Undergrad: 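Pasting a structure below so you can have a look.
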Amino acid sequence: MKKRFLLFLLAAALSPCFITGCRSWTDDWKRAKETKENGSGGVATLQAPIFTPPASTYNSDQSVTITSTVGATICYTTAPLTPPADPSCDTNALCNVGSQTYSAPLTISTDTNIKAIACKVGSPVSTISSANYVIDKVAPSVPSALTPTVLSTSSIQVNWSASTDNVSSSSQITYEICQSLTPGVCTSTFTVLYTTAPGGTTYTATGLSSLTTYYFVVRAKDQVGNTSAPSAEINATTNSEGTVDTPTFTPVAGTYGTSQSVSISTTTSGTTICYSTGAPPACNPAKTGCTTGTKFTSNVNVAVDTTLQAMACRAGWVDSSSNSAAYVIDTTPPGNVTSFIATAGDTQVVLTWVKPGDADLAGIKVVRKTGSAPVNESDGTEVYNGMGTTYTDTSLINGTTYYYAAFAYDTVANYASGAQASATPVEPAPTVLATTPANGAMNVLPCSGTPCIAKIVVQFDRSMDTGLSPITLTAEILSAAPSTYTSVPVDAKPVWSTTTKTNDTLTLEVSWVWFPENVKIQWKLDKANLKNIFGVALVSDIQQTFTTTSLNQHFPLADTGQTLCYNVTASQSCGNGTWPRQDADYTNIPNPRNFTSPIPDGTYNTDYTTTDNTTGLVWKTCVEGRSGATCTGTVFTGTWESAINQCAALNVANSGAGYASRKDWRLATIRELETLPNWGQNPSIDSASFPATSNDYYWTLSGDVSGPGQAWLLHLGLGFSVIYFKSVSYPIRCVSSSTSSIAPKSFTDNGDETITDANGLMWQKCSVGLSGASCGTGTAQTKTWQQALTACNSLNFAGQTDWRLPSIAELLSLASKTNPAVNSTYFPATVTDIYWSSSTYLTSVGAGWAVSFANGVSSYPGKTSTPYPNVRCVRGP
């Protein structure tokens, strides 16, 4: 614009009118300008009035000015709330009636609408301008329902209800927040920390300190800045970092005998610990010191009875709970024990005492020394520590004096001066721990071990002196019930061994070699030379009893020796179908008889023995009293008891080397002696192998199970066995023990009502006439001898047809010397009466050999005599 004006002036200056006074150029410029601005007529329209300040809402009176084109008259009208009539100008450019002429600023103190127009003579009037002024002096309502919410250790959210206002809407109201660490500050001096966006009703304070209380006040502010009164103050405490662990005391609370240096600690790091001995301790708000109590920096010395209290704190953490510890400093020991007594025993001392009555007694400590008494609780070996009133000190050495002291002590180890006692353990008399056989034992085997030897074993409770002799064993055998015993001298070879202690076990090998069968034996050991290693003897003799049983002996069977067959009156040819399958029909069945002729010993050549090669038994060739190869001399006879020792004496013959250099001679059992008869001759003994054998009964080692006063004998002239009184004198034949002589009988049940024995013989399980697995069906049949032979000969049983009546040797091998005399497991329902054999009694051929299965006795009933015997058939081997 300025550039155009300058160009205009330059043109005018160059114009001739500029000099001659033509029409004024300014008039032309004004008209050109007005034409350009108004667009017509060349006269400009007046500027619409302008209000200053502009129309708006204000919270105070306003001084409003109205401006327009310079030189114009401004006409205006006002009205509250509703718009006024439009102002207008007259033809003179003055305000019409109803309009006011603006001349000075207008004061607006209430809500007012203003309209204005500008007029000027020669110019078109302006457009009408209007302005609406709202004067709002009312503040919003006070924010209410402030609610704090702790979000974390460093933030709190505050919420409130929206305020209301007379002008501004809720969405237009802003809120100012004041936040303080001190209560009441924001209500007295409101410092704006934060202003919300319009309509906001929540505020989140961040960056706060943990476990710290913050106070909040909120006020509302409308659009024109009217501010409400502050709200009620609220507060909230930020979360803690955690709870400080309760402090502990070291040493712990208790009673002590000396001053204690007490350390107080907590497992939470960076804490302040406050302690006191009076009022409870407390930390200051900064958690760096104590408001009550003392800050712990070093151990607390406790020299008298004291109760310590302590708590721990840390900024941003919840204080720990308070802990207390009571310390009692006790330097007074309890009283001494009384009646402290030491009583000596075997390798031990029993200690007794009476405890003092102190309330704080904690125990009694007993120490031991040798040589002198202990002088304090640490002088010697501790043997007891506790609250009892007695103690047994064991594993001591007999003969050594032990000194003891008992010290009472309290809970803090204050020890009394102590009480003293001493004692010397003494070695008692030895006692018997166990015997074999046990006292009162039943069914004791006549021997044990390999070789099978009769032994008495005694175990003592301590080590014994093995150098003393003689050790005297005496024995008695029950000869009449209930308590009449007969002395049977016996020598015993003592052997000492170790069971639990050195040389505590005595084994006595009895000179009889075997105990007699089926007898009750009472034995006694003299106490005189039974002493322990300290020289203390038993208090009394050892006297015990036991009862033997029979050995279950099995021998290979030899042929009976019968070579002729018989009827009831005379001999006849064998193989006769009317008298079938007799003993003599089976020569050398199961084995031939075979003896080694009398042989002199290689060292003691006047000592002769005969060996039965079938059984393995070694016999003294001559009966007792006779000697040499032909057995000359007078037969010795004696009672049963003397017979036992007569054979035992052979073991010490030849200056202890034993007869024929053998030291296992003994009286033979009835089963062993029954292997000698040859039932095919009379006398039955083999005179070549056993010359000059008297035709008589001979004692055996077997007692009678039915009566203590009787024992078994075998007639070596006729070959039959009997039971008779032990007190009667008879000849004696001795045998040397052999392993084969104690092989047990054995049987096999074939499952078809047949039984096979160790000799290979197959027997009928049931007596003739009976059947079934337990022989419970039918009736046992008795028969004449001829009927018995025929019954077995015609038997077709278990798939076999070669059944026969057994020989006397076979039948005796089945029988035992008990009652019943058979193994009832394998041979059930056996009749306890006599059973036929196929052997004829040669002294009277009208009789046949039989065996009683009531007791095992052999006999020879008439072949046709009544009552008839029973029958059991056999076959093989």
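We use all heavy atoms of the structure for the numbers below, so side chains are in, but hydrogens, waters and symmetry mates are not. All of these numbers come straight from a predicted model, not from anything done at the bench.
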Undergrad: Out of curiosity, T153 OG1 to E241 CD, how far, rounded to the nearest 0.5 Å?
TA: 5.0 Å

Undergrad: Checking S661 against N654 for the side chain to side chain donor-acceptor pair (under 3.5 Å) test, could you report, in this order, the C-alpha distance in whole Å, the side-chain angles of both residues, the deciding distance, and whether it holds?
TA: CA-CA 8 Å; S661 301; N654 298 317; 6.0 Å; no

Undergrad: Determine, step by step, whether S210 and N239 satisfy the side chain to side chain contact (heavy atoms under 4.5 Å, CB included) criterion, reporting the C-alpha distance in whole Å, the side-chain angles of both residues, the deciding distance to 0.1 Å, and the verdict.
TA: CA-CA 6 Å; S210 61; N239 290 337; over 6 Å; no

Undergrad: Taking the two cysteines C313 and C274, do their sulfur (SG) atoms come closer than 2.5 angstrom to each other?
TA: no

Undergrad: Does the salt bridge (charged side-chain N to carboxylate O under 4.0 Å, His left out) test come out yes or no for K726 and D704, once each step is laid out?
TA: CA-CA 10 Å; K726 296 175 181 176; D704 176 25; over 6 Å; no

Undergrad: Ignoring hydrogens and geometry beyond distance, is a side-chain donor-acceptor pair present between D504 and T500 at under 3.5 Å?
TA: yes

Undergrad: Any side-chain to backbone donor/acceptor pair from N376 onto S378? Under 3.5 Å, distance only.
TA: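 Pair found, side chain donor or acceptor close to backbone of S378.
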
Undergrad: Does a donor on one side chain and an acceptor on the other come within less than 3.5 Å for T238 and T212?
TA: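 Judged by distance alone, the side chains do not pair up.
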
Undergrad: For S321 and T246: C-alpha separation, side-chain torsions, deciding distance, then whether side chain to side chain donor-acceptor pair (under 3.5 Å) applies.
TA: CA-CA 6 Å; S321 58; T246 303; 2.8 Å; yes

Undergrad: Between D379 and V367, does a side chain to side chain contact (heavy atoms under 4.5 Å, CB included) hold up when you go through it step by step?
TA: CA-CA 7 Å; D379 182 24; V367 293; 5.7 Å; no

Undergrad: Would you call the rings of F546 and F515 parallel, tilted or perpendicular if under 30° counts as parallel and over 60° as perpendicular?
TA: perpendicular

Undergrad: Using modelled atom types and a 3.5 Å cut-off, is there a donor and acceptor pairing between side-chain atoms of W665 and backbone atoms of C734?
TA: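 Answer holds: no.
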
Undergrad: Does a side-chain heavy-atom distance below 4.5 Å link I521 with T545?
TA: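 No - every pair of side-chain heavy atoms lies 4.5 Å or more apart.
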
Undergrad: Could you list the residues that satisfy side chain to side chain donor-acceptor pair (under 3.5 Å) with N532, not counting sequence neighbours?
TA: E427

Undergrad: Quick one: are V519 and L478 in side-chain contact, heavy atoms under 4.5 Å?
TA: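 Not touching, per the 4.5 Å side-chain cut-off.
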
Undergrad: Is there side-chain contact between Y275 and V262, with at least one heavy-atom pair below 4.5 Å?
TA: no

Undergrad: Any luck finding a side-chain donor-acceptor pair between N651 and D664 under 3.5 Å?
TA: no

Undergrad: Please name the pair of heavy atoms, one in N414 and one in P333, separated by the smallest distance, quoted to 0.1 Å.
TA: CB-CA, 3.5 Å

Undergrad: Could you tell me which non-hydrogen atom of S511 sits nearest to which non-hydrogen atom of A648, and how far apart they are?
TA: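 For S511 versus A648, the nearest heavy atoms are O-CB, 3.2 Å.
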
Undergrad: Tell me if a side-chain donor or acceptor on T243 pairs with a main-chain N or O of V318 at a distance below 3.5 Å.
TA: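 Flag not set: sc T243 to bb V318 has no pair under 3.5 Å.
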
Undergrad: Taking all atoms of both residues into account, what is the closest heavy-atom pair of A454 and C447, and its distance?
TA: N-CB, 3.9 Å

Undergrad: Are T700 and R671 close enough that some pair of their side-chain heavy atoms sits under 4.5 Å apart?
TA: no

Undergrad: When rounded to the nearest 0.5 angstrom, what distance separates CG in L308 from CD in Q260?
TA: 11.5 Å

Undergrad: Mark yes or no for whether D393, through its side chain, and V349, through its backbone, hold a donor-acceptor pair below 3.5 Å.
TA: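 The answer is no, because no donor-acceptor pair under 3.5 Å joins these two groups.
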
Undergrad: Any luck finding a side-chain donor-acceptor pair between T499 and T505 under 3.5 Å?
TA: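 Note: T499 and T505 side chains meet the donor-acceptor criterion.
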
Undergrad: Verify, without hydrogens or angle tests, whether Y404 (side chain) and A423 (backbone) share a donor-acceptor contact under 3.5 angstrom.
TA: no

Undergrad: Quick check: do L445 and T549 have side-chain heavy atoms less than 4.5 Å from each other?
TA: yes

Undergrad: Any chance you could measure D410, atom CG, to T332, atom OG1, to the nearest 0.5 Å?
TA: 8.5 Å

Undergrad: Taking all non-hydrogen atoms of both residues, which atom of P428 and which atom of R462 are closest, and how far apart?
TA: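 Of all heavy-atom pairs spanning P428 and R462, the closest is CG-NH2, 3.6 Å.
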
Undergrad: Mark yes or no for whether T268, through its side chain, and D245, through its backbone, hold a donor-acceptor pair below 3.5 Å.
TA: yes

Undergrad: Taking the six-membered ring for Trp and the full ring for Phe, Tyr or His, determine whether the centres of W353 and Y384 are under 6.0 Å apart.
TA: yes

Undergrad: Donor-acceptor pair, distance only, cut-off 3.5 Å: does the side chain of K295 make one with the backbone of T288?
TA: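 Between the backbone of T288 and the side chain of K295 there is a qualifying donor-acceptor contact (under 3.5 Å).
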
Undergrad: State, with a plain yes or no, whether a side-chain heavy atom of R368 is found less than 4.5 Å away from one of L396.
TA: yes

Undergrad: Check the surroundings of atom CG in L181: do more than 12 heavy atoms from other residues, nucleotides or ligands lie under 6.0 Å from it?
TA: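 Yes.
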
Undergrad: Which pair of heavy atoms, one from P356 and one from A408, lies closest together, and at what distance?
TA: CG-CB, 3.8 Å

Undergrad: Where do L361 and K355 land on the side chain to side chain contact (heavy atoms under 4.5 Å, CB included) test, with the steps shown first?
TA: CA-CA 9 Å; L361 180 68; K355 295 183 294 186; 4.0 Å; yes

Undergrad: As an exercise, state the distance from CZ of F296 to CE of M311, rounded to the nearest 0.5 Å.
TA: 15.0 Å

Undergrad: Taking the side chain from T548 and the backbone from P516, do they hold a donor-acceptor pair closer than 3.5 Å?
TA: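 Indeed, once roles are kept as given, a pair shorter than 3.5 Å links the two residues.
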
Undergrad: Just checking, any donor-acceptor pair under 3.5 angstrom between side chains of S469 and N529?
TA: no

Undergrad: To the nearest 0.5 Å, what is the distance between OG1 on T547 and CD1 on I477?
TA: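 Here the interatomic distance stands at 11.0 Å.
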
Undergrad: Just to verify, which of I453, I456, V457, T436 counts as forming a side chain to side chain contact (heavy atoms under 4.5 Å, CB included) with T507?
TA: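 Among I453, I456, V457, T436, the one that satisfies the side chain to side chain contact (heavy atoms under 4.5 Å, CB included) with T507 is V457.
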
Undergrad: Answer yes or no: are there more than 12 heavy-atom neighbours, outside D360 itself, under 6.0 Å from its atom CG?
TA: yes

Undergrad: How far apart are the closest heavy atoms of F407 and G418, and which atoms are they?
TA: CD2-CA, 3.5 Å

Undergrad: Do L473 and L525 have side chains that get closer than 4.5 Å, going by heavy atoms?
TA: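 Yes; the side chains approach each other to less than 4.5 Å.
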
Undergrad: Does some side-chain heavy atom of V366 sit less than 4.5 Å from a side-chain heavy atom of Y391?
TA: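 Y391 vs V366: side chains apart.
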
Undergrad: Is the backbone of N823 close enough, under 3.5 Å, to the side chain of T825 for a donor and an acceptor to pair up by distance?
TA: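 No, because the side chain of T825 does not come within donor-acceptor range (under 3.5 Å) of the backbone of N823.
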
Undergrad: Please test K663 against E509 for salt bridge (charged side-chain N to carboxylate O under 4.0 Å, His left out), starting from the C-alpha separation and ending with a verdict.
TA: CA-CA 12 Å; K663 301 177 70 172; E509 294 186 356; over 6 Å; no

Undergrad: Atom CG in N552, atom NZ in K745: separation rounded to 0.5 Å?
TA: 6.5 Å

Undergrad: If we ignore angles and hydrogens, is there a donor and acceptor under 3.5 Å between the side chains of D461 and T431?
TA: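 The answer is yes; a qualifying pair exists.
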
Undergrad: Without hydrogens or angle criteria, can the side chains of N518 and S550 be said to hold a donor-acceptor pair below 3.5 Å?
TA: yes

Undergrad: State whether the side chain of K527 and the backbone N or O of V539 hold a donor-acceptor pair below 3.5 Å, judged by distance alone.
TA: yes

Undergrad: Looking only at the side chains, is there a donor atom on one of Q544 and T435 sitting less than 3.5 Å from an acceptor on the other?
TA: yes

Undergrad: Between T669 and Q553, is there a side-chain donor-acceptor contact under 3.5 Å, judged purely by atom types and distance?
TA: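 Result is yes, a qualifying pair exists.
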
Undergrad: Any side-chain donor paired with an acceptor under 3.5 Å for N299 and S261?
TA: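 Their side chains do contain a donor-acceptor pair, which is all the 3.5 Å distance test asks for.
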
Undergrad: Before you tell me yes or no, could you show the steps for S487 and E641 under side chain to side chain contact (heavy atoms under 4.5 Å, CB included), namely the whole-Å CA-CA distance, both residues' side-chain angles and the distance that decides it to 0.1 Å?
TA: CA-CA 8 Å; S487 177; E641 290 85 358; over 6 Å; no

